[in-house]
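To start, the structure under review is shown below, and the notes come after it.
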Amino acid sequence: MSHDAPPEQPLLETRGLSVDFGGLTALDGLDLAVYPGEIVSVIGPNGAGKTTLFNAITATVSASEGDIRFEGESLIGLDPNRVTARGIARTFQNVRLFANMTVLENVMVSQHCRTRQSVVGALLWTKAFRREEEEIAERGKQVLSFFGSRLTGYRFDQPAFTLSYANRRRLEIARAMATQPKLILLDEPVAGMNPTESAELTGLIGRLRDEWGFAIVVIEHDMEVVREVSDRVIVLDHGVKIAEGDYADVSADPQVVEAYLGHGASA
Ligand SMILES: Nc1ncnc2c1ncn2[C@@H]1O[C@H](COP(=O)(O)OP(=O)(O)O)[C@@H](O)[C@H]1O
Ligand SMILES: [Mg+2]
């Protein structure tokens, strides 16, 4: 799965990106690029700044310095909804769903950034509104069918809180897919899964790119998953990129080994 000749224009690019929290520098002058159709893993010890990177890209924290560009245009100053509308979706380290909504409703509401009808249309239950609702439900089912029987059939109508942990994580990915993104950011997607579930999700990450064409950035501690899915691996430590390359190079890099051993992390 190597992409030897990436196109000139990165899909996503950060230049000198820094994020400060009071006295703490969580990201420190980070440069990175992600090309269309790539799967890039971001690894590093706990507290390295991986989630902060996702938070900065999706505008849930502000950059202190530097730029974040998507398809050549800066995202700085946009609110999170605008970033989603531009084509970036994410999942969270701790699953976030509408627990009392059904599986299908969860993927329907996440399409709101793409819908045309107004609240007035909804209240008046106009023909145009009904038609769009049907389209949204159809698209939602199509997205859920990617996960096979785990999220389809009778499960469409089950409230999210009744799902197993692994299915909740799958539904979160479905919600990201439903925003019709170009780039999906996955924050530790297999965390808490058993080896079988983890292997299955690893396969799904590859299929997300191959069948749906998404570029993917995945934060992951499980090195099996990283080895399996990554075109490229970026290693962060203390908010700084300490290594970048294919899995074999990065995992043999003495600085990377040191960063993990130095923190006593298991990954
Ligand atoms: N909203 C925040 N406010 C203050 N400190 C934060 C915030 N988010 C993250 N941090 C701190 O920034 C550092 C990097 O955190 P994070 O990006 O979550 O690391 P990782 O995901 O690599 O484990 C940590 O020291 C963390 O405590
Ligand atoms: Mg994190």
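Just so you know, these numbers come straight off a predicted model, no measurement behind them. If you read the sequence from its start, that first residue is 1, and numbering goes on from there. In listed order, ligands and their atoms are each counted from 1.
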Within-cut-off N or O pair, [X] and ligand 1, under 3.5 Å:
X	value
A48	yes
G47	yes
K50	yes

Check against side-chain contact (heavy atoms from CB on, under 4.5 Å), Y247 and V226 | CA-CA 7 Å; Y247 177 84; V226 172; 3.8 Å; yes

Going through the checks in order, is the side-chain contact (heavy atoms from CB on, under 4.5 Å) test met by L236 and L30?
-> CA-CA 9 Å; L236 297 185; L30 183 67; 3.7 Å; yes

Taking atom types as modelled and ignoring hydrogens, do the side chains of T51 and Q93 form a donor-acceptor contact shorter than 3.5 angstrom?
->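 Present: a donor and an acceptor within the cut-off.
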
Return yes if a side-chain donor-acceptor contact under 3.5 Å exists between S74 and R69, otherwise no.
->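 No - no donor-acceptor pair under 3.5 Å links their side chains.
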
Quick one: nearest non-hydrogen protein atom to atom 1 (N) of ligand 1, plus distance?
-> F21 CE2, 3.6 Å

Nearest non-hydrogen protein atom, atom 18 (O) of ligand 1 = T51 CB, 3.7 Å

Residue part near ligand 1, for L24, under 4.0 Å between non-hydrogen atoms |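 The answer is the side chain of L24.
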
Considering only heavy atoms of [X], which atoms of ligand 1 have at least one such atom less than 4.0 Å away?
X	result
G49	14 (C), 17 (O), 19 (O), 20 (P), 22 (O)
T52	9 (C), 14 (C), 15 (O), 16 (P), 17 (O)
N46	23 (O)

Do any of the N/O/S atoms of Q93, backbone or side chain, fall under 2.8 Å from the Mg ion (ligand 2)?
-> yes

Is there an N/O/S atom in T51 at a distance below 2.8 Å from the Mg ion (ligand 2)?
-> yes

Below 4.0 Å from any atom of ligand 1, is there a heavy atom belonging to G44?
->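 No, G44 has no heavy atom closer than 4.0 Å to ligand 1.
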
Would V61 count as a contact of ligand 1 if the rule is a heavy atom under 4.0 Å away?
->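 In this structure, V61 fails to qualify as a contact of ligand 1 - no heavy atom is under 4.0 Å.
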
When you measure from the centre of the six-membered ring of F129, is the NZ or CZ of R131 under 6.0 Å away and within 45° of the axis?
->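 No.
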
Between F92 and R96, is there a cation-pi geometry (under 6.0 Å to ring centre, at most 45° from the normal)?
-> yes

Nearest heavy-atom neighbours spanning R169 and D187 | NH2-O, 3.5 Å

Closest non-hydrogen atom pair, P189 against L201 | O-CD2, 3.3 Å

Heavy-atom protein contact below 4.0 Å for atom 27 (O) of ligand 1 = no

Would M101 and V109 count as a side-chain contact (heavy atoms from CB on, under 4.5 Å) if you check the C-alpha gap in whole Å, the side-chain angles of each, and the deciding distance to 0.1 Å?
-> CA-CA 10 Å; M101 286 189 187; V109 294; 4.0 Å; yes

